[in-house]
Amino acid sequence: MPLLIKGGEIVTGTEHYIADIYCEHERITQIDRNIDAPSGVEVIDASGKYVFPGFIDPHVHIYLPFMGTFSKDTYETASKAALVGGTTTMIEMVCPSRDMSAAEGFRLWQEQAAGKSACDYTYHMGVTRFDDENAAQLREIVASGIASFKIFLAYKGAFGIDDTELYHTLKLAKELGVIVTAHCENETLVAERQKELLAAGLTGPEQHEASRPPVVEAEGVHHLMTFAELTGAHVYIVHLSCEEALRAALAARFRGVNVSVETLIQYLLLDKTDAERPEFEGAKYVMSPPLRDKRNQPVLWNGLQSGEIQTVATDHAPFDFREQKPMGRDDFTKIPNGIPSLEERVKLLFSHGVKAGKLDLHTFVNVASTNAAKTFGLFPRKGAIQIGADADLVIYDPEYRGTISAKTQMMNVDYSAFEGWEFQGRAETVTMRGEVAVRDGKFVGTVGRGQMLRRQPAHF
């Protein structure tokens, strides 16, 4: 059914104006003042509300085997949570083990999503080993519409690649016009510090940050920058958490390295004292890189507003507190890493960014939507409000007040990292390619309607 959104305050990364939006055949077909509604058209009054382009989370884990267990969300639960939070497109990390071929991993991850997602999605293809077989398969995966890789400079013996593999992965990416997203921590320093802490009887979740302090992340960034500079590859630092790592990235950008930077909503709002909560509660907040000292938060907020940091993601990785996190009760290195945050990113960024005066509205849209679309080959189909773009739209009530709770969340996990946090503003109505998927903050969409988005490498 065609859709007409009337009287909303349209805000994109560059524009701000009041107009009507007409949507037909999944796309935006007209933007103008006072569009008359033809018969048979659903009309939504957006007066007094913002209308944003659908938000994009460029870093999620839905299917994730990790430390002997699996993340709790399915594509059905995660996509519903995403849409209720205003996110209409997710980019998932494909993370095959080192003994699995790239083709096997890509097929396995696709099987988890096929016919089960309510929102659109695409992938970063994990390169967890590099050899002739995988190189050939990576070429085929790129040709099938995946225009980004994911590499780990951490997790030695699991997902991590060595320097020879790093060099050849970046060379292939440069050849193919593919951007390489990278987890930057020095795996040797992490492994040795973990051993030392455990040998000293320091086993609690509060030791996780001590095992991988800021300098370890900064060294990982510096290492990647050296290889990116020599190969000319476009790289994207995922989940950057601290000033030291940002300085290493900016130094490389200053000398011409093509590097984009992502931070996470949790690094902007939580800090390492959360992982120090007593009675093992800190395990809820164990992730890599770890939550940092609070002094880093203004640095990250300023980096977003100034354009030094391009995107805000979640690294959504939901593991139950009662059943899964206790795997590491006596050894912090065995706590499944990650927190659930896919549903809360946009409302927290709006509340603590826009409403708190740390981000203007255009920057908010850019870092939560448009920059990711441009970086990963989705713009202007996604991340835009213009004729011809997909009708992914978020009608946002800036005055709504609410409280975050695990009891009301859509994510399939038994806790919220932001339990009891108050927020201002929410996605009231969300359309996904012209279909209303969220109405009055509730999911009303169609499971299975989400499509895998095929993207072209940068030089095509």
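These numbers were taken from a predicted model, which means no experiment stands behind them. Below, each value reflects all heavy atoms present in this structure, side chains not excepted, and no hydrogens, waters or symmetry copies.
- The aromatic rings of H183 and H239 sit perpendicular to each other, their planes meeting at more than 60°, with 30° as the lower class boundary.
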> Where do R193 and R212 land on the side chain to side chain contact (heavy atoms under 4.5 Å, CB included) test, with the steps shown first?
Replying inline: CA-CA 8 Å; R193 288 178 68 85; R212 47 216 313 154; over 6 Å; no
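- Under the 6.0 Å cut-off for aromatic ring centres, F280 and F332 do not qualify, their centroids lying 6.0 Å or more apart.
- Here the straight-line distance linking atom CG of L240 with atom OG of S260 works out to 12.0 Å at 0.5 Å rounding.
- F376 and Y236 have perpendicular rings, their planes meeting at more than 60° on a 0 to 90° scale where under 30° would count as parallel.
- Under the 30°/60° scheme for interplanar angles, the aromatic rings of Y123 and F106 are found to stand perpendicular.
- Classification of the H223-F227 ring pair by plane angle, with boundaries at 30° and 60°, yields tilted.
- Sparse packing is recorded around NZ of K334, with 12 or fewer heavy atoms of other residues, nucleotides or ligands lying under 6.0 Å away.
- For H124 and W109, the gap between ring centers reaches or exceeds 6.0 Å.
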> Step by step, would you call E187 with V190 a side chain to side chain contact (heavy atoms under 4.5 Å, CB included)?
Replying inline: CA-CA 5 Å; E187 62 178 14; V190 171; 5.6 Å; no
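- There is no side-chain donor-acceptor pair under 3.5 Å between E422 and T403.
- Classification of R433 and D392 as a salt-bridged pair fails, no side-chain N sitting under 4.0 Å from a carboxylate O.
- With no hydrogens or angles considered, a side-chain donor-acceptor pair links S288 and N337 at under 3.5 Å.
- The closest side-chain donor-acceptor pair between S71 and D73, if any, does not fall under 3.5 angstrom.
- If you look at F364 and F55, their ring centroids are closer than 6.0 Å.
- Ring to ring, F159 and F152 are close: their centroids are under 6.0 angstrom apart.
- Distance check, rounded to the nearest 0.5 Å: OG of S341 to CG of L264 gives 7.0 Å.
- Between F350 and Y396, the ring center distance clears the sub-6.0 Å criterion.
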>> Quick one, L224 with T226, criterion side chain to side chain contact (heavy atoms under 4.5 Å, CB included). Give me CA distance, side-chain angles, the key distance, then yes/no.
In response: CA-CA 5 Å; L224 177 70; T226 302; over 6 Å; no
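- Figure legend: cation-pi geometry between K116 and Y75 absent, as NZ or CZ is not positioned both under 6.0 Å from the six-membered ring centre and within 45° of its axis.
- The ring of F423 has its center no closer than 6.0 angstrom to the ring center of F418.
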>> Does E343 form a side chain to side chain contact (heavy atoms under 4.5 Å, CB included) with S416? I'd like the steps, not just the answer.
In response: CA-CA 10 Å; E343 190 172 342; S416 170; over 6 Å; no
